[in-house]
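Data first, discussion second: the structure below is written as C-alpha cells.
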Amino acid sequence: MSTITADHRVTQVVRTKTDLFRKLLEWGGFGAGAILVAFGVVAIVMGFSGRATVADSLSLEKIVGSADMTPALIAKEAKDAGLTNVANMPTVDVAGKAIDNGTRARAFASYMRIHALEASGGFTYAQMGRFTAKPDAPKAELAVGGGTDNPQFAVIDAASKQPVANGVRNLWVTETALTTALNTSYMADRLGLFGIVVGIALLLSGIGFIVLAFAALHRPKTAASLS
C-alpha cells in the first residue's frame with residue numbers, strides 16, 4: 001500500500017506541474033493574441049490616417065489634370081515634338097480630374113516630365129548648361145542640351161552684369177521639385193495601404209492566437225486512470 005500511495009503522490013505532483021505549465025502557455029497565447037490585435041488595430045488606423053492626410057494635402061493644392069493628360073494624346077504630343085524612346089510614358093488618364101490621391105499624383109508627375117522634355121527638346125537637367133550661351137559661343141563650350149557652364153561665353157544681363165540663367169534648365173528645376181513632391185505623396189499613399197494590409201494580417205493572427213488559446217484552455221481533460 002505504501003508503494004502505491006507514493007506512486008500516486010508522484011503522479012499528482014507531475015500532473016500539477018504539467019497543468020501549470022499548460023495554463024502558462026495558454027494564457028501566454030491569450031497575451032500574445034491580444035498584443036497582435038492591438039498592434040493590428042493601431043496599424044490599420046495609422047494606415048487610413050496616412051492615406052487621408054495624403055488625400056487632404058493634395059486636395060488643398062487644387063491640381064487638375066490638363067486636357068492632354070491622356071495616354072493617347074501625350075504619346076501624340078511626344079511624337080510631334082520629336083521625342084523618341086521616352087521611358088515611363090504615362091498610362092493613367094487624369095485629364096480634367098482632380099489630383100487627390102497617390103495614384104493620380106504619380107500619373108500627373110509623369111505627364112509633367114513629358115511636358116518638360118517637350119520644352120527642352122528631349123534633354124534633361126544634367127544635359128543642359130547653367131547659363132544662356134552667346135550666339136557665337138564655341139561648340140566646345142556648349143552643353144549637349146544647350147546653354148553653357150562657362151560664364152565667359154554666357155549672355156550677360158545688362159542690369160545685373162551677371163550671366164543670364166538658362167531658362168529651360170530652370171524649368172527642369174521646378175519640374176523636378178514638383179514631381180518629387182507628387183511622387184512622395186504616391187509613396188506615402190502606398191505606405192499607408194501597406195500599413196492597412198499589415199494591420200489586417202496582425203489582427204487576424206492575433207484573433208487566431210486567442211481562438212487557439214481559448215480552445216486549448218477549455219478542452220476536455222481526459223481522465224488518466226492510473227490508480
Original post:
If you measure from CZ on F48 to OG1 on T53, what distance do you get to the nearest 0.5 Å?
Top reply: 13.0 Å
**OP:** Can you run down the salt bridge (charged side-chain N to carboxylate O under 4.0 Å, His left out) pairs that involve residues 148-160, sequence neighbours left out, and say none if there aren't any?
**Re:** none
Subject >> Hydrophobic cluster membership, V94 vs M89, 4.5 Å side-chain cutoff >> reply: yes
Subject >> Any pair counted as salt bridge (charged side-chain N to carboxylate O under 4.0 Å, His left out), so long as it reaches residues 174-190, sequence neighbours left out >> reply: R51-D189
Original post:
Transitively linked via ILVMFWY side-chain contacts under 4.5 Å: L182 with W172?
Top reply: yes
**OP:** Give the other cluster members for V155, using side-chain heavy-atom distances under 4.5 Å between Ile, Leu, Val, Met, Phe, Trp and Tyr residues; answer none if it is isolated.
**Re:** V164
**OP:** Specify the closest pair of heavy atoms between F131 and P163, including all atoms of both residues, with the distance to one decimal.
**Re:** CD2-CB, 3.5 Å
N/O donor to acceptor pairs below 3.5 angstrom from side-chain atoms of residues 136-146, sequence neighbours left out:
| residue | atom | partner | partner atom | Å |
| --- | --- | --- | --- | --- |
| E141 | OE1 | N150 | ND2 | 3.2 |

**OP:** Search all heavy atoms of V92 against all heavy atoms of Y111 and return the closest pair with its distance.
**Re:** O-OH, 2.7 Å
Subject >> Inter-residue atom distance M46.CE - I196.CD1, 0.5 Å rounding >> reply: 11.5 Å
Subject >> L171 to A119 - nearest heavy-atom pair and separation >> reply: CD2-CB, 3.4 Å
**OP:** Could you tell me whether F123 atom CZ has more than 12 heavy atoms of other residues or ligands within 6.0 Å of it?
**Re:** yes
Original post:
Looking at OG of S59 and CG of N101, how far apart are the two atoms once the value is rounded to the nearest 0.5 Å?
Top reply: 9.0 Å
**OP:** Kindly work out whether a path of hydrophobic side-chain contacts (I/L/V/M/F/W/Y, heavy atoms less than 4.5 Å apart) joins V45 to L203.
**Re:** yes
Subject >> Co-membership, hydrophobic cluster, residues M187 and I63, 4.5 Å side-chain >> reply: no
**OP:** Show the numbers, then the answer: is there a side-chain contact (heavy atoms from CB on, under 4.5 Å) between L58 and R104?
**Re:** CA-CA 10 Å; L58 287 171; R104 290 183 179 178; over 6 Å; no
Original post:
Do F39 and L193 belong to the same hydrophobic cluster, where Ile, Leu, Val, Met, Phe, Trp and Tyr are linked whenever their side-chain heavy atoms lie under 4.5 Å apart, directly or via other members?
Top reply: no
**OP:** Write down the atom of V54, the atom of A188, and the distance for their closest heavy-atom approach.
**Re:** CG2-CB, 3.6 Å
Subject >> Nearest-0.5 Å distance, CD1 of residue I114 to CG of residue L73 >> reply: 13.5 Å
Subject >> OG1 on T124 to CG on L117, rounded to 0.5 Å >> reply: 8.0 Å
**OP:** Please lay out, stage by stage, how V64 and F108 fare under the test side-chain contact (heavy atoms from CB on, under 4.5 Å).
**Re:** CA-CA 9 Å; V64 178; F108 190 89; over 6 Å; no
Original post:
Are Q127 and S120 close enough, and set up right, to give a side-chain contact (heavy atoms from CB on, under 4.5 Å), and what steps lead you there?
Top reply: CA-CA 10 Å; Q127 294 175 300; S120 68; over 6 Å; no
Subject >> All salt bridge (charged side-chain N to carboxylate O under 4.0 Å, His left out) counterparts of R106, not counting sequence neighbours >> reply: none
Subject >> Heavy-atom closest contact (G147 atom, N166 atom, distance) >> reply: CA-ND2, 3.9 Å
Original post:
Measuring from N183:CG to R113:CZ, what's the distance to the nearest 0.5 Å?
Top reply: 10.5 Å
**OP:** Determine the minimum heavy-atom distance between A78 and E118, stating which atoms define it.
**Re:** N-OE2, 3.7 Å
**OP:** Provide the full list of salt bridge (charged side-chain N to carboxylate O under 4.0 Å, His left out) pairs with a residue in residues 54-79, sequence neighbours left out, each pair given once.
**Re:** K76-D80
